[in-house]
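Below is one structure, written out as structure tokens; comments come after it.
For this chain, numbers begin at 1 and follow the sequence in order.
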Amino acid sequence: MRLDRRLVIVVVLGLMVGAAAALFSLPGLRERLSTASGPIASVGKAQVGGPFSLVDPAGRKVTDKDFLGRYMLVYFGFTFCPDVCPTGLQVMASALDQLGPKADRIAPLFITLDPERDTPQQMGEYVKAFHPRILGLTGTSAEIAEVARAYRVYFKKVTDEKSTAGYTVDHTSIMYVMDTKGEFVAHFTHATAVDAIVSRLQKLL
Ligand code: NI
């Protein structure tokens with residue numbers, strides 16, 4: 001009798017834990033899936049962005065505080081990316097050019113998701129081929145993981161036999177606009193038309 005009751009309690013507790021786990025894991029899974037593929041439908045102000053500490057091509061420490069007072073255009077990727085990142089950076093560069101002098105109020109950042117290969121020097125060399133004003137930032141694996149988490153960027157190292165390093169990085173391709181206080185304003189992707197980005201930014205600047 002006593003044993004039976006204990007068994008019932010264990011089973012009921014088990015079911016409750018299982019149900020709770022299912023409830024919690026579902027939204028998490030859905031969120032991961034939505035951030036992995038292009039535009040996000042619901043990005044709240046408080047949900048995207050936050051403090052970061054990274055390194056510029058000259059090896060200097062750079063934090064989010066350095067950009068307060070300017071808008072940030074933040075794009076994540078990596079220099080060995082075969083097509084998406086170059087497209088995104090090209091779009092960013094064209095938008096900056098079309099904005100003209102107004103672009104001075106924007107800090108365009110390219111943050112690597114492959115800190116192993118993307119040294120400060122590599123970032124500098126790569127980014128300057130797109131636009132002289134884009135700042136390439138890298139950091140330790142922990143620093144990159146932290147900034148990616150803050151910006152809700154999904155990335156994952158995956159095996160790639162075609163790459164000399166044996167891997168590539170799957171990642172979200174989102175360009176975030178953050179305001180002068182570092183708060184999220186808008187986002188684009190590498191596939192957003194340059195004109196659309198320019199007109200959105202012109203309204204802000
Ligand atoms: Ni890429």
Side chain of Q98, backbone of A95: donor and acceptor closer than 3.5 Å?
no

Give, for atom NZ of K61 and atom CG of L54, the distance between the pair rounded to the nearest 0.5 Å.
8.5 Å

Are the side chain of T112 and the backbone N or O of F78 linked by a donor-acceptor pair below 3.5 Å?
no

Just by modelled atom types, is the D160 backbone N or O under 3.5 Å from a matching donor or acceptor in the S163 side chain?
no

Note, D170 side chain near F155 side chain (heavy atom, < 4.5 Å)
no

State which residues pass side-chain hydrogen bond (donor to acceptor under 3.5 Å, both in side chains) with E146; sequence neighbours excluded, sorted by chain then number.
none

For Q202, I'd like to know if atom CD has over 12 heavy atoms of other residues, nucleotides or ligands within 6.0 Å.
yes

Before giving the answer on side chain to side chain contact (heavy atoms under 4.5 Å, CB included), spell out for L96 and R133 the whole-Å C-alpha distance, their side-chain angles and the decisive distance to 0.1 Å.
CA-CA 9 Å; L96 291 169; R133 289 205 54 239; 4.3 Å; yes

Could you tell me whether K102 atom NZ has more than 12 heavy atoms of other residues or ligands within 6.0 Å of it?
yes

Side chain proximity check, H171 to C81, heavy atoms < 4.5 angstrom
yes

Quick one: are P132 and V127 in side-chain contact, heavy atoms under 4.5 Å?
no

Taking ring pair (Phe, Tyr, Trp, His ring centres under 6.0 Å) as the cut-off, I'd like each qualifying pair that reaches into residues 95-128, sequence neighbours left out, listed once.
Y75-F110, Y126-F130

Between D66 (side chain only) and T63 (backbone N and O only), is there a donor and an acceptor less than 3.5 Å apart?
yes

Taking all non-hydrogen atoms of both residues, which atom of Y151 and which atom of V48 are closest, and how far apart?
CD2-CG1, 3.8 Å

Min side-chain heavy-atom separation M175-V91 under 4.5 Å:
yes

List the atom of P120, the atom of V55, and the distance in Å for their closest heavy-atom pair.
CG-CG1, 3.9 Å

With distance as the sole criterion, is a donor-acceptor pair present between the side chains of H131 and D97 under 3.5 Å?
yes

Please report the C-alpha distance between H190 and C85 in whole Å, then the side-chain angles of each, then the deciding distance to 0.1 Å, and finally whether the side chain to side chain contact (heavy atoms under 4.5 Å, CB included) criterion is met.
CA-CA 7 Å; H190 64 280; C85 292; over 6 Å; no

Please answer whether the main-chain N or O of G49 pairs with a side-chain N or O of Y176 as donor and acceptor at a distance below 3.5 Å.
no

Can you name the nearest heavy-atom pair linking V84 to S173, along with the distance?
CG1-OG, 3.4 Å

Any chain of hydrophobic side-chain contacts (each under 4.5 Å) joining L205 to I197?
yes

Does the T138 side chain pair with the main chain of D118, one donor and one acceptor, at a distance under 3.5 Å?
yes

Please determine whether side chain to side chain contact (heavy atoms under 4.5 Å, CB included) holds for the pair R152 and Q47, giving the CA-CA distance in whole Å, both sets of side-chain angles, and the decisive distance to 0.1 Å.
CA-CA 8 Å; R152 308 220 151 195; Q47 292 176 305; 4.2 Å; yes

Where do R70 and I106 land on the side chain to side chain contact (heavy atoms under 4.5 Å, CB included) test, with the steps shown first?
CA-CA 6 Å; R70 273 184 291 168; I106 300 175; over 6 Å; no

With a 3.5 Å distance limit and no angle check, can you tell me whether D56 reaches the backbone of R60 through a side-chain donor-acceptor pair?
yes

Using the side-chain contact (heavy atoms from CB on, under 4.5 Å) definition, which of the options I144, V147, L109, L137 pairs with F76?
V147

Hey, what do you get for OG (S199) to CG (L99), rounding to the nearest 0.5 Å?
9.5 Å

Applying side chain to side chain contact (heavy atoms under 4.5 Å, CB included) to L204 and not counting sequence neighbours gives Y71, V177, V185, R200, L201

Cation-pi check, R117 onto Y167 ring (under 6.0 Å, within 45° of axis):
yes

